[in-house]
Enquirer: 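Dropping the structure in here first, questions after.
Throughout, a chain's letter reflects where its sequence line sits, starting with A, and its residues are numbered from 1. Side chains included, hydrogens not; waters and symmetry mates left out as well; all remaining heavy atoms used.
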Amino acid sequence: MNLFRLFGDMSHLASILLLLYKIQTTRSVRGLSFKTQALYVTVFVTRYLDLFYDYVSLYNSVMKTFFITSSCYVLYLMKKKYRPTNDPSIDTFRVEYLLGPCVLLSLIFNYRFTFAEILWSFSIFLESVAILPQLFMLQRTGEAEAITTHYLAALGAYRALYIPNWIYRYWMEDQVDPIAVTAGIVQTALYVDFFYVYFTKVLQGQRFELPA
Amino acid sequence: PLAADHHDEL
């Protein structure tokens, strides 16, 4: 565990707390993509199956359990409690275009050709693109509440911080995880546009609005 | 380099 990773994980934790805070205070899931949230549940469930057969540390188990339960809770809030505030008509990204290639990639690139390892690999590839329905929705509506953009910024920061973590591990621990690194770089790159608007507008006190 | 323990990272 190095500081980049610790801060990355804390940023990931913060992003989920921001997401829950946004939903509870505005009593609305407006501006959130159900598809992205459902993809995150898929990511966490397929990746953290190792909770049942591979104990790493208390920290590791607690975080994995938190990510699975909180993401399922968000789905419940979107589909049940605040259902009337969810607008599927603007959440139109075709998820099958993400799932298909991820299945294919995980069958080709994995560390062992076993069910659990293929699922792990699938979850890594899927996580790298899971934010796309959300970013697509943002692009369509052209604006977002500040709190929603803070959520996305924390999520993006988590991914960005994993990159120096891998560099650190490469040099200091002589360890490398090519699948996670490749997917992680792709995932971080997807946030570049968002971060540009976030830094130039939201952090300057302006509304998050995309040019028409 | 060695393969990282990929079940350790979140």
Side-chain angles (χ1 to χ4, degrees), chain A residues 1-2 4-6 8-13 16 43-44 47-57 59-68 109-112 116-117 119-121 123-124 127 158-159 161-162 165-181 183-184, chain B:
Chain A
M1 174 67 76
N2 56 67
F4 298 116
R5 220 183 104 197
L6 183 64
D9 288 347
M10 289 306 118
S11 184
H12 194 187
L13 203 59
I16 292 168
V43 165
F44 295 141
R47 185 173 321 160
Y48 299 156
L49 281 178
D50 57 8
L51 269 174
F52 296 105
Y53 59 84
D54 189 16
Y55 180 80
V56 180
S57 65
Y59 171 83
N60 190 278
S61 298
V62 169
M63 292 292 267
K64 285 175 174 175
T65 310
F66 175 78
F67 290 133
I68 292 176
F109 302 102
N110 52 65
Y111 292 127
R112 279 181 76 187
E117 284 299 320
L119 277 185
W120 178 87
S121 197
S123 84
I124 292 288
E127 186 190 350
Y158 142 64
R159 290 320 307 185
L161 283 161
Y162 258 64
N165 154 59
W166 291 319
I167 297 171
Y168 177 91
R169 296 192 77 173
Y170 177 82
W171 290 107
M172 306 304 283
E173 298 169 16
D174 202 30
Q175 292 203 346
V176 70
D177 179 342
I179 293 177
V181 170
Chain B
L2 306 158
D5 174 15
H6 53 283
H7 292 281
D8 163 32
E9 290 192 348
L10 298 161

Enquirer: Taking every non-hydrogen pair under 4.5 Å, which of A:Asn165, A:Val56, A:Asp50 racks up the most with chain B?
Expert: A:Asp50
Enquirer: So which part of A:Tyr48 gets closer than 4.5 Å to some heavy atom of chain B, the side chain, the backbone, both or neither?
Expert: side chain
Enquirer: Considering all heavy atoms of both residues, which atom of A:Asn60 and which atom of B:Leu10 are nearest to each other, and what is their separation?
Expert: O-CD2, 4.0 Å
Enquirer: Return yes if a side-chain donor-acceptor contact under 3.5 Å exists between B:His6 and A:Gln175, otherwise no.
Expert: no
Enquirer: Checking heavy atoms, do the side chain of A:Tyr55, its backbone, both or neither come under 4.5 Å from chain B?
Expert: neither
Enquirer: Given the options A:Tyr158, A:Trp166, A:Tyr59, which has more heavy-atom pairs under 4.5 Å with chain B than any of the others?
Expert: A:Trp166
Enquirer: Answer yes or no: are there more than 12 heavy-atom neighbours, outside A:Phe52 itself, under 6.0 Å from its atom CZ?
Expert: no
Enquirer: Could I get the full list of side chain to side chain contact (heavy atoms under 4.5 Å, CB included) partners for A:Leu49, not counting sequence neighbours?
Expert: A:Leu119
Enquirer: When rounded to the nearest 0.5 angstrom, what is the spacing between OH in A:Tyr111 and NE2 in B:His7?
Expert: 10.0 Å
Enquirer: Quick one: CD on B:Glu9 to CE on A:Met63, what's the gap to the nearest 0.5 Å?
Expert: 12.5 Å
Enquirer: Apply side chain to side chain donor-acceptor pair (under 3.5 Å) to A:Asn110 and list each qualifying residue two or more places apart in sequence or on a separate chain.
Expert: none
Enquirer: So for atom CZ, which belongs to A:Phe4, do other residues, nucleotides or ligands contribute more than 12 heavy atoms lying within a distance under 6.0 Å?
Expert: no
